[in-house]
Structures are given as C-alpha cells and as structure tokens.
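Structure first, commentary second.
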Number of protein chains: 2
Amino acid sequence: MRDFSKKLRVLLIDDNANHLRGIKELITLESSYNVVGTTTSANIGINLIKRYQPDIVVMDINMPEKDGLQALKAIGKLGLETNVVILSGYDDSDLIYRAMKLGAKGYVLKTMASMKLIDAIEQVSEGRIYLPAVLSTRFFEHFQAVAQKEEASANEENLLSSLTMRENEVLDLLTQGINYKSIAAKLVISETTVKTHVNNIFQKLQVNDRTNAVLYALTHGFKTSASKSQVMTAV
Amino acid sequence: MRDFSKKLRVLLIDDNANHLRGIKELITLESSYNVVGTTTSANIGINLIKRYQPDIVVMDINMPEKDGLQALKAIGKLGLETNVVILSGYDDSDLIYRAMKLGAKGYVLKTMASMKLIDAIEQVSEGRIYLPAVLSTRFFEHFQAVAQKEEASANEENLLSSLTMRENEVLDLLTQGINYKSIAAKLVISETTVKTHVNNIFQKLQVNDRTNAVLYALTHGFKTSASKSQVMTAV
DNA sequence: TGTTTTCTAAATCATAAGGTTTAGATAAGT
DNA sequence: ACTTATCTAAACCTTATGATTTAGAAAACA
C-alpha cells in the first residue's frame, strides 16, 4: 500500500523533449509527486531507475533507440518494485497485450486528457492496474484470441487420442527424455516391452523417432502426468 | 453488432434451481430479452445451446456434475457465436483467468446487485467484455504473474547463451526433429561436421542425447529461426 | 464361445546416434 | 606474432534406437 506521508518519486522517459517538459510540468503541479528525473533516452532511463529506484516510471512506448517493450523487459529484470505507466500514441491490441505481459501497470493514450495521467499514476501507485475501458476491451479480445489459438492447436483432431493408457505412460516418460532402460525400470516391465510400446506410439503418431514423438506430444497438448495432477489439485 | 430489432435469446444454466428461477424472473422483466431455456445441468445446457443457439448464456461456474470451466470449454468447441456470462460466488483470480482464457465474455459475482447482471448481458451482447473493476484488477495480477513466470524461465541463466551461431542453427534443426543426414544437406556441410556440432551442443547443454537437447531448448526459451523472424516483423 | 484389445516379451537385424580424438583453415582479438 | 574461437571434417568405435515378426495372458466385448 502507498505511504501517503511521502511524496511519490516519479521518473519520466520520453524521446520527445517537448512532451517530456509538458508531462513534468503537469505532474509537478500535483504537490504529492516528486519528479526525480527525466530523460529522452531509454538506456539512460534504465540507469536512472537503477540509481534512484523511483516508485513510478512514466514511459513512452514508442522510442527509436530502444523500443518501449525492450525497455520494459530490462526494467522487469532489475527486480525492483518500480511500477511502470506506459504512455503511447498507439492503441494496437498486441502492443497493449505485450506491455501488460511485461509487467506494465498502467496504460495511458497520449490523446487522452492529461488529467487521466495523474489518475493512472494514482491508481498504479496504490497497487492497482490502470487501463482505460477501450483498451481493456482490446486487451481482452487479444488475450482471448491468443488463448483460442492455443486451445485450437491443443484440440486439433489429434493422434494422441488413439494411445492406450500404457502408451500414454510411456510417452510421458519419453517427453522427459528418459531412455528405454530407465523407462523399463520405472514401469517395472522389460526393455523389449517398452520398445514394443514405443514402436506402437510411433505408428500411431506417424513419426519414426523419439524426438518427433516428443515434439508431436508437446505441440499437440499432450498432458503429462505432472500437469494432470496439477489440474486435479487446482480444480 | 447487436440487432436491436430482435429480442436477445438467453439461456440460463445454474445447478441451484432457486437461483435459476430468480435469474429468469430478473431477466424476463427486461422486455428486450427472451429466455429460451433454463437448466440445472451443464450437460443438458450444452445440448440446449446446440439446439437453440442462444445469443447469450448465463452460467454458474460452480457446478458439481460438470464444472463451469469444462462446460465453457465444451461450449467453445461448438464454434457458435454464443457469448457466455459467468455467474460465480468466487472471486479467485485463477478462476477468472481461466474462464476468460476459455472465452467467457462477462463475469458477474453473485454478491453483486442483480441489475449488474443485466448490465453485463447488455455489454456482452454488444460485443464488449464485462468485468467488474475488482475482478479486472485480479485478472491482471494473475495474468502478469503467469507472464512473469514464463519470462523467468526464459531468462533463467541458461546454457543456451554459450552456443555459437552455427550451433544455434543446428539446434534449431534438431528442435524440428531432423536427422543428421538432412541437417547436413540443409546446411551444406558434411554429416560428420554436424555430428561434431551436435556433440558440442550436448556438452554445452549438459545433456547426452537429442531428445534432452530439444527439451532443454524448448523449456529454456530457445528462439527458433521461425520465431526470430516473427519477432522481427512484429516489432 | 469366439473375437478384439491391451499388455507383456523375446529374437533379430539394420542403422542412426553418440563419444572421442585429431586436425586443417579462418577469423578475431591481444 | 601469438592465442583463441569457430567451423570444418574424418576415422573409429560403441551403443541406443528403430523395424519387424511372433506369441502368450488377461480383459473386454459381442
């Protein structure tokens, strides 16, 4: 939670020096904020973040030198508690999705009223997420589109369904990179039996070596015993 | 977009018959909705959806027979334009995340004012997403937590960084399940050279067969040439 | 009862894959 | 000039893997 007794330390990164000045003035008007630094360079910005460890970073996502997504990634790697509010001229759903995925806590369009930026900073500093309604709709559409693709490839008429229980167990072990001898030991059956199962698996999956069997399994939503039990406990 | 000249066809699924009656009355009060069916069984519900193809399904996510997530999945597989509004007593972030991932368009807590349900149906039927502010915050937290885990495992100090350019190319082909002979052909080098590279890869990745090399690559964020070019064009 | 499926297992064979060493040619860096 | 890294390649050997056939036992099914 935010400590209201202290001023929030804010760092600004925008390659456009004019915008930078404008934003700084806007934020400085609010007595509860303290702009600890401004820079037009993403790389310098990252160093400033390391040095000053601000509470909030307001950053343009569209910069030439290092794009905002890369900068976000770099900031994430610092492992600080700094929250980032993205400032952007774009409203592309993929960009929003990727920014949120990389840990951005707020997203403000440059076309929006400037007071909205203060709103966003306020929200984000209190640990909440700030996304204008338009953008959150876009975000969800994109999120669901991505999820749908994953589902589709997992549900695709797949050869995996033709495997027997035992073959599933064997394939599971194959996807862990285990060899015949160890599989036999784990399942307490002979090595030749394992070979028989594996060959049957190959035929059913229409491949002719382990690597391709494993690749098929992984790209067609094969549920390993580990992930199965995970689902069981989660539900 | 919604056609205002027609009544919206709504189907209700809730294992609690009392809730079901309550919701039906609430919705029927609105003259623009037409409740085409109600059922306490998820399985029957799915059949009703197939038969009546409603515009909106309002479904409880917490049902004994078939849980709401499974039902959502089944509805998704029907490939209809039906939009689902989830009704729930829970506010668990993982549940919201998974429901949204499976294509739910709205999420209403049972504790919320009943008029909110009408709001949600209205929003969703117009193609938007409905998530109360509390839940969208939870959703984003969960979303970012999941994304962070992915990032973490991809950024983990990994052995992949020690590979040379050529070794990367070879590993890329290995992850496509290609054998020595074909790799040699693709790279226009001899098979023995490929073997040399592969052996060097094994040592660097600390594995001793292709399957484990491929598994290591896939689970440690190895970028294939395909995904690399994708990133290039996307940025 | 007869049929099919699944799991088990062995035998045999061919070859792909893995391990190790040695070495020449370049290119890059000190 | 010297060293190091990288890419290339061959020879040699061992073993793991894959392909195919045959077959017994148990369970499921018609």
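Below, read A as the first sequence line, B as the second, and so on, with proteins coming before strands; counting in each chain starts at 1. Hydrogens, waters and symmetry mates play no part in the numbers below; they use all other heavy atoms, side chains included.
Between the two ends of the helix from dT1(C)-dA30(D) to dT30(C)-dA1(D), each summarised by a five-pair axis, the helix axis turns through 50° (rounded to 10 degrees).
Nucleotide dT17(D) holds its C1' atom 5 Å from the OH atom of Y180(A), rounded to whole Å. Whole-Å rounding puts the N179(B) CG to dT17(D) C1' distance at 13 Å. One can place CD of Q206(A) at 17 Å from C1' of dG18(D), the figure rounded to the nearest angstrom.
Remark: N16(B) engages D14(B), N18(B), H19(B) in a side-chain contact (heavy atoms from CB on, under 4.5 Å) (not counting sequence neighbours). Evaluation of the side-chain contact (heavy atoms from CB on, under 4.5 Å) rule for T38(A) yields L12(A), L20(A), K24(A), V35(A) as partners, not counting sequence neighbours. Remark: K195(A) engages no residue in a salt bridge (charged side-chain N to carboxylate O under 4.0 Å, His left out) (not counting sequence neighbours). For the side-chain hydrogen bond (donor to acceptor under 3.5 Å, both in side chains) test, no residue two or more places apart in sequence or in another chain qualifies with N83(B). With sequence neighbours excluded, the residues forming a ring-ring contact (aromatic ring centres under 6.0 Å, His included) with F143(A) are Y97(B), F139(B), F143(B), listed by chain and number. Listed by chain and residue number, L163(B), T164(B), H197(B), N200(B), I201(B), K204(B) satisfy the side-chain contact (heavy atoms from CB on, under 4.5 Å) test with E167(B) (two or more places apart in sequence, or in another chain). Under the salt bridge (charged side-chain N to carboxylate O under 4.0 Å, His left out) criterion, E141(A) pairs with no residue, sequence neighbours left out.
A distance of 10.5 Å separates NE2 of H220(B) from CG of L215(B), quoted to the nearest 0.5 Å.
If you check every strand for non-hydrogen atoms under 4.0 Å, K195(B) touches a base. N199(B) comes within 4.0 angstrom of a nucleotide base, judged by non-hydrogen atoms across all strands.
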Can you name the atoms? Protein N/O to nucleotides 6-9 of chain D N/O, anything below 3.5 Å, with the distance.
residue: dC7(D); atom: OP1; partner: R166(B); partner atom: N; Å: 3.0
residue: dC7(D); atom: OP2; partner: T164(B); partner atom: OG1; Å: 2.3
residue: dT8(D); atom: OP1; partner: R166(B); partner atom: NE; Å: 3.2
residue: dT8(D); atom: OP1; partner: R166(B); partner atom: NH2; Å: 2.8
residue: dT8(D); atom: OP2; partner: R166(B); partner atom: NE; Å: 2.8
residue: dT8(D); atom: OP2; partner: H197(B); partner atom: NE2; Å: 2.9
residue: dA9(D); atom: OP2; partner: S190(B); partner atom: N; Å: 2.6
residue: dA9(D); atom: OP2; partner: T193(B); partner atom: OG1; Å: 3.0
residue: dA9(D); atom: O5'; partner: T193(B); partner atom: OG1; Å: 3.2
residue: dA9(D); atom: N7; partner: T196(B); partner atom: OG1; Å: 3.4

Show every donor-acceptor pair shorter than 3.5 Å between a side-chain atom in residues 45-56 of chain A and any protein atom, with sequence neighbours excluded, or say none if there are none.
residue: N47(A); atom: ND2; partner: N43(A); partner atom: O; Å: 3.4
residue: D55(A); atom: OD2; partner: R9(A); partner atom: N; Å: 2.8

Under 3.5 Å donor-acceptor pairs involving side-chain atoms of residues 187-194 of chain A, not counting sequence neighbours:
residue: S190(A); atom: OG; partner: T192(A); partner atom: N; Å: 3.3
residue: S190(A); atom: OG; partner: T192(A); partner atom: OG1; Å: 2.9
residue: S190(A); atom: OG; partner: T193(A); partner atom: N; Å: 3.2
residue: S190(A); atom: OG; partner: T193(A); partner atom: OG1; Å: 3.1

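First and last contacts of DNA chain C with chain A, using any nucleotide atom under 4.0 Å from a protein heavy atom and ordered 5' to 3', fall at dT6(C) to dA10(C).
For the pair R210(A) and Y180(A), the cation-pi test (distance below 6.0 Å, angle within 45°) is passed.
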